[in-house]
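Only a predicted model underlies this, so the values are computations on that prediction, with no experimental measurement involved.
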Amino acid sequence: VQLQASGGGLVQAGGSLRLSCAASGGYFSRYGMGWFRQAPGKEREFVAAINWSGGSTYYADSVEGRFTVSRANARNTVYLQMNSLKPEDTAVYYCAADTSREFGQVATTTRYDYNSWGQGTLVTVSS
């Protein structure tokens, strides 16, 4: 499955952005999906994940209560709504698909379980 992330940009602290990740090829609606981010000089870290149906979602502690992951299987798209943004949220955000598991009841939060990645979209939060 090929993934294309979009929606990044420059926003002031306290603002909001919605990232989108459009999938093509493969069987998007069967896969768990994840969002990760990588700040300059840091490791790529987990942000949020959602299982195939959207019935199970997972968040990093740092974004819990501020970010919401959702998906529209009919549109082959997964979203990340980001509210109350902070300067420390500045990073390149990546979407990823776990194509090794279909119709899983849970979605993995482990970076190495994801085997298809989008190109990333830059989010910059100014103070």
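- Tyr31 does not carry Arg71 over the face of its six-membered ring by the limits of under 6.0 Å from the centre and within 45° of the normal.
- Proximity of a side-chain donor or acceptor of Ser29 to a complementary backbone N or O of Asn73 within less than 3.5 Å is not detected.
- Pairing each heavy atom of Ala49 with each of Val69, the nearest pair is O-CG1, 3.6 Å.
- Salt-bridge annotation for Arg111 and Glu43: present, with a side-chain N of the basic residue lying under 4.0 Å from a carboxylate O of the acidic one.
- In terms of heavy-atom proximity, Gly104 sits nearest to Asn51 at O-ND2, 3.2 Å.
- Taking the side chain to side chain donor-acceptor pair (under 3.5 Å) definition, one finds that Asp89 meets it with Arg37, Arg66, sequence neighbours left out.
- Note on residues 66-113: pairs passing disulfide bond (SG atoms under 2.5 Å apart), not counting sequence neighbours, are Cys21-Cys95.
- Clustering ILVMFWY residues whenever any of their side-chain heavy atoms sit less than 4.5 angstrom apart, transitively, puts Val92 in a cluster other than the one holding Leu10.
- Taking each heavy atom of Ala97 and Val1 in turn, the nearest pair found is CB-CG1, 3.8 Å.
- The distance from the OG atom of Ser53 to the CZ atom of Arg30 is 14.5 Å, given to the nearest 0.5 Å.
- With contacts defined as side-chain heavy-atom distances shorter than 4.5 Å, the pair Gln81/Phe67 does not qualify.
- Under the 4.5 Å side-chain heavy-atom criterion for grouping Ile, Leu, Val, Met, Phe, Trp and Tyr, Val63 is connected to Val123 within one hydrophobic cluster.
- Taking every heavy atom of both residues into account, Ser84 and Ser16 meet most closely at N-OG, 4.3 Å.
- Considering all non-hydrogen atoms of both residues, Ser20 and Thr77 come closest at CB-CG2, 4.3 Å.
- Using a 30° and 60° split on the angle between ring planes, Tyr94 and Trp117 fall in the perpendicular class, above 60°.
- Tyr27 and Val78 end up in the same hydrophobic cluster when Ile, Leu, Val, Met, Phe, Trp and Tyr side chains are linked at under 4.5 Å.
- Side chain of Thr121 to backbone of Gly8: a donor-acceptor contact under 3.5 angstrom is found.
- Thr90 OG1 to Leu85 CG: the interatomic distance, rounded to the nearest 0.5 Å, is 8.5 Å.
- Here Thr68 contributes atom OG1 and Asn83 contributes atom CG; the two are 6.5 Å apart, rounded to the nearest 0.5 Å.
- Of all heavy-atom pairs spanning Pro87 and Ala13, the tightest one is CD-CB, 4.1 Å.
- Residue Phe103 is found in a hydrophobic cluster whose other members, listed by chain and number, are Trp52; membership requires side-chain heavy atoms under 4.5 Å apart, directly or through intermediates.
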Would Ile50 and Tyr58 count as a side chain to side chain contact (heavy atoms under 4.5 Å, CB included) if you check the C-alpha gap in whole Å, the side-chain angles of each, and the deciding distance to 0.1 Å? CA-CA 6 Å; Ile50 187 167; Tyr58 308 86; over 6 Å; no

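- Hydrophobic clustering (side-chain heavy atoms under 4.5 Å, transitive across Ile, Leu, Val, Met, Phe, Trp, Tyr) keeps Tyr93 apart from Phe36.
- When atom types are taken as modelled, the side chain of Gln38 and the backbone of Ala91 share no donor-acceptor pair closer than 3.5 angstrom.
- Looking only at distances, a side-chain donor or acceptor of Tyr114 sits under 3.5 Å from a matching main-chain atom of Thr108.
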Between Met82 and Leu19, does a side chain to side chain contact (heavy atoms under 4.5 Å, CB included) hold up when you go through it step by step? CA-CA 8 Å; Met82 307 186 295; Leu19 306 184; 3.8 Å; yes

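- Remark: the backbone N or O of Tyr112 is not paired with any side-chain donor or acceptor of Thr110 at under 3.5 angstrom.
- Remark: Ser62 OG to Glu45 CD distance equals 5.5 Å, nearest 0.5 Å.
- Asn115 is listed as a side-chain neighbour of Ser100, based on a closest heavy-atom distance under 4.5 Å.
- Here Tyr59 and Phe46 keep their ring centres 6.0 angstrom or further from each other.
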